[in-house]
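In this chain, residues are counted from 1 in sequence order. Remember, it's 1-based here, ligands and their atoms both numbered in the order they're listed.
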Amino acid sequence: MSLILGIESSCDETAAAVVKDGSQVLGDCVASQIARHAAHGGVVPELAAREHLVAARPVLETALKNAGVTFADLDAVAVTNGPGLMPALLVGLNLAKGIAIGHNLPFIGINHFIAHIYASFLDGGAADLQKKETYPILALVVSGGHTALLLIDAEGQARLVGTTIDDAAGEALDKAAKMLDLGYPGGPVIQKTAESGDPLKYHFPRPLTGGSGKAVAAQHKLNFSFSGVKTALLYHIRRLEEADGKLEGQVLYDTAASYQEAIVDVLCRKTAMAAKEYNVRTVVLCGGVACNSVLRERLPEALPNTANLRLAERKYCTDNAAMVGGLAHYYFAKGEFTPLDVDAFARLPVISKVPFVNFTK
Ligand code: KG4
Ligand code: ZN
């Protein structure tokens, strides 16, 4: 049994959640700062930190209240300590340390990337993680900061088999929305604009897929690259503007749809390729971009039918603290606590294992 408070502040969402036994989300609160960053066309780290400071207390109180618990009921406090934006991470990290000291609770630092994967198993899915037939798992983590494929075996050993060599997919969507004057964040607004457009109207490149007739180097077979798609969009906008003036109406809808199509196509093709190559039994789709309706619809069609797709619920795709409190259960169960002098970290470290595979122990 465990009752864990999770805290998340790695980017522009301040979140807290109380999770029971790694699975049951009792109380969950997320405060988004999107409106504050929209004017800047992206997340400003120092502004994010200040907003986290303002939101932290009400978010924490709401999560505890919704869960119907007090600090005295908790078994541990867990917090994302990386990867993410350093000023933003430090707010949640120090808050969690303060709670751990003040309430004499064990403290657990959580890797945000692994938490995104775990999000797909919240609210009742955790039991599947203890079944051998679930493995190997291939996780496509696709967000504003990451686009990566993590392979997880039945012993809990993990290995990154693909990653972006430049921009993340979410970043490519956010930057495109900025170029098209559609606002921030880009993913949802590109999706909305694309709904009225023709995805086959314009062709955007699919880098590292061999689509241009150029052979893909062996080391990039499962890697991603999105900066070329972004550059192609820039030239596309210039060409259209030179010819017709403003990019609007159907031309805008078709542009958004075709651009989104290129990104979704690459994500699906690479994931399907990896799923086949490693003969995986489960594919996990998670991270903010996993909210995308076209991606959610197309990935199952692309996968071999030997692989089961596990889609994180939309509310658990974008940043949240339920995934933090949930994942922390496995460290708690093993008594693996984090020293209170642990620091935050900005970049994704090498991941060689995940904590949630227990049946081999
Ligand atoms: O996981 P997340 O909340 O934060 C990071 O860890 O980065 O992901 C945010 C990203 C943003 O780039 C946003 O544009 C994208 O997720 N996103 C979407 C959608 N909703 C959010 N991308 C495509 N379609 C969506 N519906
Ligand atoms: Zn995230």
Enumerated ligand 1 atoms positioned under 4.0 Å from heavy atoms of [X]:
{"X": "Gln191", "value": "24 (N), 25 (C), 26 (N)"}
{"X": "His112", "value": "6 (O)"}
{"X": "Gly170", "value": "12 (O)"}
{"X": "His116", "value": "1 (O), 6 (O)"}
{"X": "Cys317", "value": "1 (O)"}
{"X": "Thr318", "value": "3 (O)"}
{"X": "Leu173", "value": "22 (N), 23 (C)"}

Is the closest N or O pair between Gly145 and ligand 1 shorter than 3.5 Å?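 The answer is yes, given that Gly145 and ligand 1 share an N or O pair closer than 3.5 Å.
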
Look only at interatomic distance and state if Pro185 has a nitrogen or oxygen under 3.5 Å from any nitrogen or oxygen of ligand 1.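 No, Pro185 has no N/O under 3.5 Å of an N/O on ligand 1.
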
Taking the minimum heavy-atom distance to atom 8 (O) of ligand 1, which of Gly288, Cys286, Ala172 ranks first?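 Looking at heavy atoms only, Gly288 sits closest to atom 8 (O) of ligand 1.
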
Which is closest to atom 7 (O) of ligand 1 by heavy-atom distance: Gly187, Ser10, Ala119, Gly144?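 Among Gly187, Ser10, Ala119, Gly144, the closest heavy atom to atom 7 (O) of ligand 1 belongs to Gly144.
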
Any salt bridge linking Lys230 with Asp166? Criterion: basic side-chain nitrogen under 4.0 Å from a carboxylate oxygen.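 Result for this pair is no, no salt bridge flagged.
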
To which protein heavy atom is atom 24 (N) of ligand 1 closest, and what is the distance rounded to 0.1 Å?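 Sorting protein heavy atoms by distance from atom 24 (N) of ligand 1 puts Asn292 ND2, 3.1 Å first.
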
Heavy atom of the protein closest to atom 2 (P) of ligand 1 (residue, atom name, distance):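 Among all protein heavy atoms, the one nearest atom 2 (P) of ligand 1 is Asp319 OD1, 3.5 Å.
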
Checking only N/O/S atoms, does Cys11 have one that is under 2.8 Å from the Zn ion (ligand 2)?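 Not a single backbone or side-chain N, O or S atom of Cys11 is under 2.8 Å from the Zn ion (ligand 2).
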
Does His146 bring an N, O or S atom to under 2.8 Å of the Zn ion (ligand 2)?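 Given the 2.8 Å cut-off, His146 does not count as a ligand of the Zn ion (ligand 2).
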
I want to check something: taking the side chain as every heavy atom from C-beta on, are Gln33 and His52 in contact at a cut-off of under 4.5 Å?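 Yes. Closest side-chain heavy atoms under 4.5 Å.
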
Expected output: side-chain [X] to main-chain [Y] donor-acceptor under 3.5 Å:
{"X": "Arg314", "Y": "Cys291", "answer": "yes"}
{"X": "Arg206", "Y": "Gly211", "answer": "no"}
{"X": "Gln157", "Y": "Leu151", "answer": "no"}
{"X": "His116", "Y": "Asp319", "answer": "no"}

What's the atom name of the N, O or S in His116 nearest to the Zn ion (ligand 2)?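 It is NE2 of His116.
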
Just how far is it from atom OH of Tyr316 to atom CE of Met323, taken to the nearest 0.5 Å?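 Tyr316 OH to Met323 CE: 11.5 Å, rounded to 0.5 Å.
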
At what distance, to the nearest 0.5 angstrom, does CD1 of Ile110 lie from OG of Ser10?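 If I round to the nearest 0.5 Å, the distance is 12.5 Å.
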
For ligand 1, which part of Asp174 has a heavy atom less than 4.0 Å away: the side chain, the backbone, both, or neither?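 Looking at Asp174 and ligand 1, just side chain atoms fall under 4.0 Å.
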
Looking only at the aromatic ring of each residue, does the gap between the centers of His236 and Tyr259 stay below 6.0 angstrom?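 They do not qualify: ring centres at least 6.0 Å apart.
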
Under 3.5 Å, which donor-acceptor pairs link side chains of residues 296-304 to any protein atom two or more places apart or in another chain?
unit_1	atom_1	unit_2	atom_2	d
Arg296	NH1	Ala290	O	2.7
Arg296	NH1	Ala312	O	3.3
Arg296	NH2	Ala312	O	3.0
Arg298	NH1	Glu261	OE1	3.2
Arg298	NH2	Glu261	OE2	2.7

Please calculate the NE2(His112)-the Zn ion (ligand 2)-OD1(Asp319) angle and round it to 10 degrees.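 Centred on the Zn ion (ligand 2), the NE2/OD1 angle is 90° (to 10°).
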
Do the ring planes of Phe113 and His146 sit parallel (below 30°), tilted (30 to 60°) or perpendicular (above 60°)?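 Ring orientation of Phe113 relative to His146: perpendicular.
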
